Each structure stands twice: as structure tokens, then as C-alpha cells.
Amino acid sequence: MIVAEQKPLEEIRRMIAPYQRVLILGCGTCMTVCDAGGELEVSFLHNALQLAQARSGDVAHTFYEHTLKRQCDPEFLGLLDEKTADVDVILSLGCGIGVQAVAERLPDMPVLPGVNTSFMGMTKESGVWDERCAACGDCRLEDTAGICPITRCTKGILNGPCAGPKKGKCEANKDMDCAWILIYQRLERLQQLDKMRRYYPPRNYRPIPRPRRITSKAGTMAGEGNG
Amino acid sequence: MANSIFEEKLGSNDFIVTTEVGPPKSVDVSEMVHHIELLKDKVDAINITDHQSSVMRFPSIGGCLVVKELGGEPILQMTCRDRNRLALEAELLLAYSRGITNVLCLTGDSVDVGDHKEAKPVFDLDSVQLLKMIRTLESGTDMGGNELKAVPHFCIGATVHPEADFIEPQLIKFDKKVAAGAQFMQTQGIFDLASLRRFMQYASQFKIKILAGIIVLSSAGMARYMNNNVPGIIVSQAIIDELAAVEKGKGLQKGIEIAARMIKTIREENLCHGVHIMAVGNEKIVPDILEAAELVNA
């Protein structure tokens, strides 16, 4: 899933300052699971903004709340039309994709990001999420025992560890495991160390000129503009 | 024919001595010039470091040009941290055209340990791929598969870490570097000769010259700092205790003594093919170490 963190309250207040009626828009999928922008966080943020406004003495904004099942899906974005008739701005707690999907749907409506989209990851324990995939478009997990060096090695290198790790930890962060030591240990356990002994050539970055597009139904999207 | 004086030396049976000079964070290179002049006739080659520890400085290629101007034999340290494949290839063309033909291929430290922590890390290639890329250039094409009008030839090396606390994956990487064409290895700092002996039992099966990395320490505090902050470096407790036992102000003298003692043992017991002395900021004391190790005019 996509993992994000809510932006600091002061930054959000600065962004919404020019607008009077603000719709705080949550997202019911990834942002709900990572506690950054689901229905609950929308409600908390609403209260926090109102409290901050009351404390500062200026009564500038009126807030509305709504949470879509998925901001990144046109199927649910249709529901926005009636919600946005009387607002001046949308503060989206969707990920970066959600913010852009809403902006594409509503050409005349300013849309602000309420979260910093961080990475694709998994829940490690309650309240802790770890990055696991860099969406590189060229998956090598078969060769690396299911542990991604592109994501989990700070240098994203392909031919084994650098000389930096100490006690199994990365030179860039003493709390972070060296991905290549993890890969070595798991390959050894699976009796597949020959995979690490292979030479891996430089990555081909051509599969990922940004932005990327995947088309499942032949022809339906081909040739259409991308923006 | 050898591609450099240093390559010729690697082909001999002589004990090889290299050292390194770190360029300044400055446009005033007079101190670096002084260090190069001091060392160029006392060692077989001088490495010029490439923003070591990810701290921005005068570039390695610039330092190598100075070594050439002064009549010395440079080794261009080249990391993959700051340049993509185009920039690396282009710099190699520049290096060759100016007579800089020894290259030490490194992945490079993380930007997180340096003084530009917000920089974009590149790592388009890793050290093994860089070695291979140089061999590709020598075969007449660049990485895009395009023909070079004139072809360079280099003497290439890499590093290995015999004292890594988890050695097996390091040895796999060592094998890959040898297979990729490395002709010499300058090891990370050795602080315990037992680990060098163990490593050489393994490495002697390969036809490659191993130069043991000797880091000159100036105090127990510096040793502890390096253990905590410098990637990969693990100074043994025995060395820290030895440095801690001397009176204040005599630390560097002790460090020189330790370095000289290790070099002497390595040479007398024929443990490996030479040494690479890293004085980290104390380049001026390298001649004292050579003298104490009885390696003058090696």
C-alpha cells in the first residue's frame, strides 16, 4: 500500500489561508490504513484546524468533511460534484495520486495536499510502516531471495554489499539492516547463494521514463493524452 | 605493454607502496601540491580521493592532473555516488587523454555520512559495474553500444574489506571484482594482521595484487570516532589500548610507530603484495612512516 504522513498543522494552515470554505477530503483506502487521511484523521484535522483558528482569534474558514472510498478511482470521484458546489478549496488527505485525480476531475477547483506521500510499504507493527518497493518497473526479487536491494539498500546497488555495514547495519543509518546481508543470509538458507555470485549488469532505466502508464485493454488508452 | 608505470610495477615482484592525498575544500591547492611533491618520489603511486566520506572537495580528476604536472603517478579514485554512466564515461575519456590511466573503482560512501546530506545520491552503477564499464570502453564502445573513435586503456583496481564483521558477502563481491577485471586491490584499513592473513589465504588463489590498507591513527579518540562514524572501519581494541596508553601529545608518534610496525611485518612475512598508506589529513607524516618501516625509496 501507499504510506503517507499528514503535513504539519502550521503548513496546512498556511496553505488554506487564502480560502474561506474548505472541504477536507479523506481517502478510504491506503490513507485510512496508514492513519494519515482516513475518515478518522479527517475528523481530527477538522477539530485541530478549528481549535487553532479559535485560538488565533481569526474566524476565516468554514470546514466541511467528506471521505471517498478511493480518490484515485474515477468511479468514486463522480460523487464529488455535489460536495464541492459550495466550497472554495479541497484539502485532500489522499496520497499524491488522489490529489491529482481530484484536480483532474475538477478543473476549476484548487486542490491542496494535506499529506506527504512517502513510499510503498507494509505495516511492520501497529503504527510502524516500512518501505518495501520502489516501483522500479523491473522486479529482481527472484534473484535476491524476496528482499529488494533497490528499495532497502540506501545505494540501491545490485552486486552485493558495499564495505560500509557494521554489525549488520547500514552505514547511512545504524538502525537499518544492511539489505545485502539480509539477502545473503536468506539466499544461504534457501541454498541459492549462486544467485548472489552472478554478475548483474547496470539497470535499464528505460522502462521507467516518467510518467509511466499501464494499459490492460489493448487500444483503449493508447494514443490518448496523458495529462 | 603496460598502460602505466604503476601497472608495470604491479607486474614486478617488488613490494608496492601507494598512498593517498585528499584534495582541499578550497581553490587554494598549495598544501595538496606540497603533499604531492613530498610523496611523489617516495611511493609507487598516489591516490587522489573522490570527495571522501561524501564531503565535497576539489575533485579527484583535478588532483590527478596536479600529480601528473608534478611528474608523479596518480591513481584516480572514482566513485559512483555523484555521476551517472555518461558522466563517468566522459571523465574516463578526459583522464586517459591527460595521461591518467590508473583508476580505483568504488561504489562510494552514502551521502548521509557527508556534508551534503540533502544531495541526490546517483549510484547509477556500482563498483563491479564500473570495472566492467571500463573494460567495455577499452573494447571500443561506450555503454550505449556506440563506437569510440580512439580507445583508452587503463590499469584498474578496486577495494576489499578483509576486516568486515560479516565477511562472506564481502568475499563474494571480491570474486566479482576480480572477474570484472580488477588488477589490484587496496584494502580497507587493516588493524589486525590476523584478519589479513586469513583473507590472503583466500585471495592468494586469484592472480591479483593485494595492497593492505594502513590507516595512520593519531589518538585513541580518533580511533573511537572512526569506529562510530566512518563506514566500515573497525579499529581493534588492542590498537585503541596502545594509543590510549601514551601520554598526551604523543599519539601521532604512536600511530606512526604502529603503522610502520604493521608495514614491516607485512613485508617481512610476505603477507601480501604491498601497502596503501592512508594518513587521513596527515599526509606530511607518510615519509616518517616509510622511514620507520625501512621502506625509503621503495
Side-chain angles (χ1 to χ4, degrees), chain A residues 134 136 138 140 143-145 147-189 191-210, chain B residues 53-54 79-81 84-85 88 106-114 117 121-133 136 143-144 158-177 179-181 187-189 213 226-234:
Chain A
C136 74
D138 182 20
R140 312 286 186 92
D143 300 320
T144 55
I147 296 164
C148 177
I150 291 162
T151 314
R152 299 182 66 182
C153 164
T154 188
K155 301 173 189 176
I157 52 179
L158 299 178
N159 282 294
C162 69
K166 288 181 189 172
K167 296 180 182 146
K169 301 296 180 185
C170 174
E171 69 180 35
N173 179 349
K174 286 171 191 157
D175 297 324
M176 194 162 72
D177 291 326
C178 167
W180 274 107
I181 290 181
L182 296 179
I183 291 168
Y184 175 87
Q185 289 170 327
R186 194 164 145 80
L187 283 173
E188 186 182 36
R189 200 182 166 118
Q191 297 184 310
Q192 295 181 358
L193 275 175
D194 56 306
K195 289 185 172 175
M196 191 158 162
R197 293 198 176 96
R198 261 181 233 155
Y199 169 70
Y200 295 95
R203 282 171 63 193
N204 172 6
Y205 283 89
R206 275 203 85 188
I208 56 163
R210 290 198 156 121
Chain B
S53 298
S54 305
T79 73
C80 302
R81 178 191 52 233
N84 70 4
R85 61 192 83 178
L88 291 168
L106 305 154
T107 295
D109 287 334
S110 161
V111 294
D112 298 78
V113 304
K117 295 185 199 302
V122 179
F123 301 110
D124 187 21
L125 306 185
D126 62 29
S127 51
V128 184
Q129 294 161 345
L130 177 57
L131 288 160
K132 283 254 194 192
M133 178 264 265
T136 304
M143 287 186 74
T159 61
V160 62
H161 194 2
E163 296 200 343
D165 53 12
F166 195 68
I167 191 75
E168 292 85 353
Q170 299 290 339
L171 294 181
I172 291 177
K173 191 135 187 203
F174 170 79
D175 295 359
K176 287 185 171 188
K177 288 176 177 179
T187 78
Q188 297 273 344
M226 291 184 96
N227 278 351
N228 287 329
N229 298 291
V230 180
I233 305 251
I234 305 164

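Everything numeric here is computed off the predicted structure, so don't read it as measured data. Every chain is numbered from 1 and lettered A, B, ... according to where its sequence line falls, protein lines coming before strand lines.
- Atom OH of A/Tyr184 and atom CD of B/Glu168 lie 4.5 Å apart (nearest 0.5 Å).
- Contacts of A/Gln185 with chain B are made by side-chain atoms alone, with heavy-atom separations under 4.5 Å and no backbone atom involved.
- Residue B/Pro121 does not touch chain A at all, counting heavy-atom pairs closer than 4.5 Å.
- Taken to the nearest 0.5 Å, the CD atom of A/Glu171 stands 12.0 Å off from the CG atom of B/Asn229.
- Looking at B/Asp175, neither its backbone nor its side chain comes within 4.5 Å of chain A, counting heavy atoms on both sides.
- The side-chain heavy atoms of A/Thr154 and B/Phe123, taken from C-beta on, include no pair separated by under 4.5 Å.
- Using a 4.5 Å cut-off between heavy atoms, B/Arg81 does not touch chain A at all.
- Taking the side chain as every heavy atom from C-beta outward, B/Asp126 and A/Lys155 never approach each other to under 4.5 Å.
- Rounding to the nearest 0.5 Å places CG of A/Asn159 at 10.0 Å from NZ of B/Lys177.
- Distance CD/B/Gln170 to CH2/A/Trp180: 12.0 Å, rounded to 0.5 Å.
- Of the two parts of B/Val230, only the backbone, made up of N, CA, C and O, holds a non-hydrogen atom closer than 4.5 Å to a non-hydrogen atom of chain A.
- Of the atoms belonging to A/Pro202, heavy atoms from both backbone and side chain fall under 4.5 Å from chain B.
- Within the 3.5 Å criterion, the main-chain N or O of A/Met196 finds a donor-acceptor partner in the side chain of B/Lys176.
- Here CG of A/Asn173 is found 9.5 Å from OG of B/Ser110. Values are rounded to the nearest 0.5 Å.
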Going through the checks in order, is the side chain to side chain contact (heavy atoms under 4.5 Å, CB included) test met by A/Lys166 and B/Phe166?
CA-CA 8 Å; A/Lys166 288 181 189 172; B/Phe166 195 68; over 6 Å; no
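- Considering only heavy atoms from C-beta on, B/Lys173 comes within 4.5 Å of A/Ile157 through its side chain.
- Proximity to chain A (any heavy atom under 4.5 Å) is shown, for B/Met133, by neither the backbone nor the side chain.
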